[in-house]
Amino acid sequence: MSVASHPSTSLSPGLPRAAAKPRRKRRRDLSGLLYVAPAMVLVLVFFALPLGMTAWMSLHNWPLLGVPRWVGTANYKALWNDRNFWNALGFTARYTAAATLGLLGVGLALALLVEKPRRFAGVYRTAFFLPVVIGFASASLLWAWLSNVDSGLFSPLMERLGLTAGRINILATFEPAFWSVTAMVIWKMAGFYMVILMSGLQSIPADFSEAARIDGTSALQRFRHITLPLVRRPFALALILCVSGSMLAFDQFYIILAGGPQNRTVTAVYWIFSQSFVSFRLGYGAALSMVLLAILLILSLIQLRLLSDREDAR
Amino acid sequence: MTLALPSEARTDRPVARRPAKNRPMRVLFHVTGVLCAALFLAPIAFVVLGSLRSASETVRPPLPPWPEGEPSLASYARLDAFGDGILTYAGNSLFVALGTTVLTILVSVLAGYGFSRHRFPMKGFAFVLILSTIMIPFQSILTPLFLILAKLGLQNTLSGLVLIYTTLQLPFSVFMMRNAFDAVPKEIEEAARIEGVTGLRLLVFVMGPLVLPGIVTVGLFAFLNAWNEFLAALVLLTDQSKFTLPVLMTAVRSGHYGAVDWGAVQAGVTVMMIPCLLLFLILQRFYIRGLTAGAVK
């Protein structure tokens, strides 16, 4: 699932306000439950139950067919020694760092470019944003074609521009393949981060910087002391979405590279997928999932902590 | 059509209108804007134009990107020759996307109304439980989802996929709908009650139109996410006739005997992209609202 799938992650869900009114109609209590029931059933059956099952399955040797057998922590011990898993995690971390830097950097640059309501700024924004709404699968297939050595675009283009001597197969060696996929993700998702960051930039009251301008501050000072502190919150949201989304990367590496070259672009989710649904080691896949889940939760908590500290300080 | 942000409707931001001396800056702004826009749009243009090239042209690099001979639909014909035909797969995708949209709207409108206007035991817990699903990636619970669908007799069905996609949409949709209902003044509901309109009729005929923007936002996200989802569809659909477009396209892309028909891939990508682009261009106001709902507050 792409980052865009969870655009709404709110940092403070806002709990329901405490009921202050005296409860006079008991019947309404029940009707409220009825309204919420369908959503609750879906969440319990397709979220809470599978979450519990993942933990349970991770303690079993669980083949696709046949009887699951309790193995205790054997799966976790096995994954501790699973070089492929740690390589996949390492690769995922590397990709996350590259994608996050690229996306937040390009996103911020685009946001600063089109933030002000100038003529045609809206048209540019729409153009930058369009790749966001096409699916990761579509974007990946498109990129696989463009990166292809024979009938693609990038290789002959680089040749004509004199960057390479002759055509090279971008996807055949690790570094060019990695950067091609990362470039695809930046192309596809930068517009998303542009909007998140821009909404932060635009929420700065204009009089703030007007006042500062009158006080004779430089543009750089205004950016450092007014813009930056005020965009921290959307920036933190963008960071969390970007890190958790990249840590879950699968589509682009599966579709464009199929794990190659030399199996060096297998991401964490890809490894879980192949253990669970190609080798059908469901219990082992569940144990891998639990570890990935723990890592993601820890990462999110750290980022949320950083965010809330900043807010308190304000 | 342009991408406007909510705050742009306000007029309290002074539009940069310092004349004359800013001319070079303005030119620079537009040059940068046009160049970047071209860069972002080029891949989309390349694939759409490329899909119209003839078979002999698709084996060559797309320079120039447009068909040099007559535009040809041959790539689409070859895509259609794959498996059960492109209409079947587009139909599967449409079923999943529309099913998810309808079910998501139904469930989240009910839940949003319940959370906004009713008090009931465990309400806080229920709300947090639904929202917390956003913290847990579905990729990590895919294996049990596979088994649960099998137990329900829904393995390898499009309906099973609809149920899962709807669940994935719930945290965003319920949150969105609760906020939409919160924004409706209580007096309107009271007045309707005095008129004798209650229960579901009140929800559909009185509240419904008032929260329509929220419903469109929720439906748009549900459609696009279901239409584009890949991993769950890849895992949960085993029968080729059930494939959604993204899953079909990986089969097309892996090609016959190692030779990839890039023309058919371009045609398939175009078929997958067009509905998303059109929906977004028509409804972008709602998309941006949904996107910024979590960011600014």
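Remember, it's a predicted structure, so these values are computed and weren't measured experimentally. Just so we're on the same page: letters track the sequence lines, and every chain starts at 1.
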query: Can you find a heavy atom in the side chain of A/Leu141 that is under 4.5 Å from one in the side chain of B/Met272?
result: yes
message: Quick check on B/Leu152 against chain A: is it the side chain, the backbone, both or neither that has a heavy atom closer than 4.5 Å?
response: side chain
query: Looking at B/Gly114, B/Cys276, B/Cys36, B/Pro62, which one has more heavy-atom pairs under 4.5 Å with chain A than the rest?
result: B/Pro62
message: To check you understand the geometry: which heavy-atom pair defines the closest contact between A/Ala137 and B/Pro246, and what is its length?
response: CB-CB, 3.7 Å
query: So what's closer than 4.5 Å to chain A heavy atoms on B/Gln266: side chain, backbone, both or neither?
result: side chain
Which of B/Leu170, B/Leu200, B/Thr250 touches chain A most, by non-hydrogen pairs under 4.5 Å: B/Leu170
Leading residue by heavy atom contact count with chain A [cutoff under 4.5 Å; candidates B/Val174, B/Leu203, B/Leu234, B/Leu39]: B/Leu234
query: Between B/Pro65, B/Ala111, B/Pro43, B/Ala37, which shows the greatest number of heavy-atom pairs under 4.5 Å with chain A?
result: B/Pro43
- prompt: Can you tell me how far CG of A/Leu282 sits from CG of B/Leu147, rounded to the nearest 0.5 angstrom?
  reply: 6.0 Å
field: Centroid separation A/Phe129 to B/Tyr287 less than 6.0 Å
entry: yes
message: If you define the side chain from C-beta out and look only at heavy atoms, does anything of B/Leu142 sit under 4.5 Å from A/Thr54?
response: no
statement: chain B shares the most heavy-atom pairs under 4.5 Å, among A/Phe273, A/Trp62, A/Phe46, with A/Phe46
task: Look at B/Val247, B/Leu103, B/Val109, B/Leu145 and state which one has the largest set of heavy-atom pairs under 4.5 Å with chain A.
output: B/Leu145
- request: Please state whether the side chain, the backbone, both or neither of A/Ala144 comes within less than 4.5 Å of a heavy atom of chain B.
  value: both
- request: Mind running side chain to side chain contact (heavy atoms under 4.5 Å, CB included) on B/Leu281 and A/Thr126 for me, showing each step along the way?
  value: CA-CA 8 Å; B/Leu281 287 174; A/Thr126 304; 3.9 Å; yes
field: CG-OH distance between B/Leu231 and A/Tyr270, expressed to the nearest 0.5 angstrom
entry: 11.0 Å
query: Looking at A/Leu44 and B/Leu129, what are the two nearest heavy atoms and their distance?
result: CD2-CD2, 4.0 Å
statement: Counting heavy-atom pairs under 4.5 angstrom with chain A, the leader among B/Trp262, B/Trp227, B/Phe46, B/Phe280 is B/Trp262
- prompt: Do you know the tightest heavy-atom contact between B/Phe40 and A/Ala127?
  reply: CB-O, 3.8 Å
message: Out of A/Leu142, A/Val269, A/Leu297, A/Val149, return the one with the most heavy atom pairs under 4.5 angstrom to chain B.
response: A/Leu142
statement: Rounded to the nearest 0.5 Å, the CG atom of A/Leu293 sits from the CD1 atom of B/Ile141 at a distance of 9.0 Å
task: Would you check if B/Gln139 and A/Ile272 make a side-chain contact, meaning some heavy-atom pair closer than 4.5 Å?
output: no
field: For B/Arg26 against A/Arg118, the heavy-atom pair lying closest together
entry: CA-NH2, 4.0 Å
statement: Between the OG atom in A/Ser31 and the CZ atom in B/Arg117, the distance rounded to the nearest 0.5 Å is 13.0 Å
field: Criterion side-chain contact (heavy atoms from CB on, under 4.5 Å) against A/Val133, the qualifying member of B/Asn228, B/Leu277, B/Leu220
entry: B/Leu277
query: side chain to side chain contact (heavy atoms under 4.5 Å, CB included) between A/Ser300 and B/Met135: does it pass, once the steps are laid out?
result: CA-CA 8 Å; A/Ser300 296; B/Met135 298 285 293; 4.1 Å; yes
field: Engaged part of B/Val59 at the chain A interface, taking heavy atoms whose separation is under 4.5 Å
entry: backbone
statement: Rounded to the nearest 0.5 Å, the OG1 atom of B/Thr167 sits from the CZ atom of A/Phe47 at a distance of 10.5 Å
- prompt: Any side-chain heavy atom of B/Arg60 sitting closer than 4.5 Å to one from A/Ser151?
  reply: no
- prompt: At a heavy-atom separation under 4.5 Å, does A/Ser276 approach chain B through its side chain, its backbone, both, or neither?
  reply: side chain
query: Once you round to the nearest 0.5 Å, how far does CZ of A/Arg160 lie from CG of B/Leu63?
result: 4.5 Å
- request: Give the minimum heavy-atom separation between B/Leu110 and A/Pro38, together with the two atoms involved.
  value: CD1-CG, 4.2 Å
Heavy-atom proximity to chain B below 4.5 Å, by part of A/Leu113: both
statement: Taken in chain and number order and not counting sequence neighbours, the residues that satisfy ring pair (Phe, Tyr, Trp, His ring centres under 6.0 Å) with A/Tyr35 are B/Tyr113, B/His118
- request: With a 4.5 angstrom heavy-atom cut-off, could you sort out which part of B/Leu106 is near chain A: side chain, backbone, both or neither?
  value: neither
query: Non-hydrogen atoms of chain A under 4.5 Å away: do they reach the side chain of B/Val34, the backbone, both or neither?
result: both
- prompt: Are B/Phe29 and A/Tyr124 an aromatic pair by the rule of ring centers under 6.0 Å?
  reply: yes
query: Which answer fits A/Trp143, side chain, backbone, both or neither, if we ask what part of it has an atom under 4.5 Å from a heavy atom of chain B?
result: side chain
- prompt: Of all of A/Ser289, A/Ala258, A/Ala37, A/Ala286, which one pairs up most often with chain B through heavy atoms under 4.5 Å apart?
  reply: A/Ser289
- request: Report yes if some heavy atom in the side chain of B/Thr292 is under 4.5 Å from a heavy atom in the side chain of A/Ile196; otherwise report no.
  value: no
field: Shortest non-hydrogen contact between A/Ile256 and B/Arg253, atoms and distance
entry: O-NH2, 3.2 Å
message: Taking side chain as everything from C-beta outward and backbone as N, CA, C, O, which of these in B/Ile148 sits under 4.5 Å from a heavy atom of chain A? Side chain, backbone, both or neither.
response: side chain
- prompt: Considering only heavy atoms, which portion of B/Thr58 lies under 4.5 Å from any heavy atom of chain A: side chain, backbone, both, or neither?
  reply: backbone
field: side chain to side chain contact (heavy atoms under 4.5 Å, CB included) between B/Ile44 and A/Trp187, worked out
entry: CA-CA 11 Å; B/Ile44 298 176; A/Trp187 165 70; 3.9 Å; yes
Proximal component of A/Val41, with respect to chain B [non-hydrogen, under 4.5 Å]: neither
- prompt: Which bit of A/Leu292 is near chain B, if near means a heavy-atom gap under 4.5 Å: side chain, backbone, both or neither?
  reply: neither
Parallel, tilted or perpendicular: ring planes of A/Phe277 versus B/Phe146, cut at 30 and 60 degrees: perpendicular
- prompt: Between A/Asp150, A/Ile255, A/Leu288, which residue shows the highest count of heavy-atom pairs closer than 4.5 Å to chain B?
  reply: A/Ile255
